[in-house]
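Working notes for the structure below.
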Amino acid sequence: MELYNCSLEELWQRLEQGEVSSLEVTRSVFGRIAAVDDTIAAYLETDEKGALAQAEAADECRRKGEKTTPVTGIPLGLKDLLSTKGLKTTCASRMLADYRPEYDATVVARLREAGAVITGKLNMDEFAMGSSTENSAIKATRNPWDLKRVPGGSSGGSVAAVAAATAIATLGSDTGGSIRQPASFCGVVGMKPTYGRVSRYGLVAFASSLDQIGPVTLTVADAALLLGVIAGHDKRDSTSVDLPVADYYGALKKDIKGLKIGVPKEYFGAGLDPEVEAAVRLGCSQLAASGAQLDDVSLPHTDYAVATYYLLATAEASSNLARYDGVKYGFRADDADGLLDMYRKTRAQGFGDEVKRRIMLGTYALSSGYYDAYYRKAQQVRTLITRDFDKVFADCDVLVSPVCPTPAFAFGEKVDDPLSMYLSDILTIPVNLAGLPAISVPCGFTKAGLPIGLQIIAKPFAEETLLRVAWHYEQLAGWSGHRPTLAGEAV
Ligand code: GLN
């Protein structure tokens with residue numbers, strides 16, 4: 001098997017045994033990028049020179065017998081909203097088209113300290129607003145399983161790269177589903193950790209009370225390995241929590257007999273594609289057959305989650321994106337007549353339509369006279385949604401559901417209908433509102449050959465249980481690690 005096709009876990013073991021070098025692995029991944037990224041368009045920028053230097057350093061570190069980590073010498077890609085010192089961080093926006101941060105995000109610094117090789121920066125919906133990566137101001141990323149379809153979003157580049165084997169694993173971010181939904185569309189594993197598990201320092205903010213960084217990988221074991229490197233308290237992010245980081249990888253194989261799995265009935269409602277439903281129901285029965293106990297549960301406020309999210313996330317975005325004013329950094333319109341005109345033109349020309357739509361919605365929801373009716377009300381409903389989860393988690397260890405009501409949709413299918421795009425997040429958003437950890441694991445294909453994802457949700461900071469159930473499911477179901485056949489390749 002080509003090195004670029006291997007999992008992180010396998011490469012880690014082969015690197016440790018001295019069977020391969022990081023330089024070989026890195027060259028293999030860059031060869032793959034050269035062969036297929038013109039078609040997939042996952043990367044906004046690659047850093048081959050930097051990557052080869054990091055690979056040499058990793059090999060040197062192993063030669064000398066210095067301490068290594070599971071990611072030492074492994075080529076990893078980053079969503080383009082993670083600040084990288086000296087490497088462009090555009091958020092796929094004209095506003096930051098030439099922006100090179102002065103510092104690394106904490107997750108990036110941790111990867112570098114752990115010896116990882118950074119391949120480059122990956123496409124996304126502008127400022128992480130979207131579900132298809134069509135809102136990128138720079139390019140459209142294709143779904144490797146069907147080039148006429150979207151990869152999902154907003155971390156479309158991060159998942160397409162893992163699916164197309166142009167990175168061994170990547171990091172994405174998830175505010176309302178942006179890791180899990182695209183992972184389900186592209187047949188890879190995508191995990192959103194508990195809010196506070198991973199530092200957000202250096203993640204360009206969209207909605208700060210919801211944003212969380214997480215791994216996108218070929219297998220659950222890879223997600224456990226990568227999470228182990230990026231998780232943990234950071235004094236630069238006061239919302240990151242000072243709890244010990246468990247040995248996620250070491251705990252994967254512990255038995256799941258007797259674990260209680262809740263199946264929320266509201267997540268199997270109208271609009272759910274029958275093929276998606278059948279695949280997820282089969283997944284539930286496979287888990288039951290392995291000794292877990294299935295229970296029907298109810299999350300009664302689920303219907304309000306999308307409206308709540310689109311009030312809170314837009315309100316936070318309107319405030320977070322106020323910093324792009326053409327003064328401090330980023331794009332500045334040069335045809336302005338005075339300061340106010342400069343602000344106006346900079347923001348009119350720098351932001352795309354979806355970002356403007358969200359800033360306007362959010363500013364409206366926060367404005368005096370409407371604050372109580374919209375923003376405050378949404379905060380109250382957020383509490384009710386969180387309580388729904390608290391109640392079911394008094395009895396259950398994890399919940400299982402679909403990730404998205406449908407498989408990947410076609411380009412253009414939803415761009416002119418923002419509401420239908422927003423509704424595709426219905427099964428992922430409640431998890432962000434409640435701050436819970438969740439994962440999307442491949443659970444089969446439709447007749448048309450499109451991947452389907454199964455979502456597992458756990459209690460706050462129960463990543464160990466989440467990954468353990470996901471790993472067992474993956475062994476039972478066997479849907480992880482499949483590769484699409486890209487044009488020109490021998491089958
Ligand atoms: N699709 C959702 C949105 O458009 C979620 C985005 C995200 O998680 N970053 O807001």
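Numbering of ligands and ligand atoms starts at 1, following listing order. Keep in mind that this is a model prediction, so the values were computed, not measured.
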Check for me whether the distance between the ring centres of W145 and F445 falls short of 6.0 Å. yes

I want to know whether Y422 and Y310 have ring centres closer than 6.0 Å. yes

So if I only count non-hydrogen atoms and take anything under 4.0 Å from ligand 1, which residues does that give, chain by chain? A128, M129, G130, S131, S154, D174, T175, G176, G177, S178, F206, Y309, Y310, R358, D425

Salt-bridge present (K148, D146; N to O < 4.0 Å): yes

Would you please indicate yes or no on a ring centroid separation below 6.0 angstrom for Y324 and F331? no

Consider only side-chain N and O atoms of D388 and T302, and report whether a donor and an acceptor are under 3.5 Å apart. no

Lys NZ or Arg CZ of R468 over Y248 ring: under 6.0 Å, within 45°: no

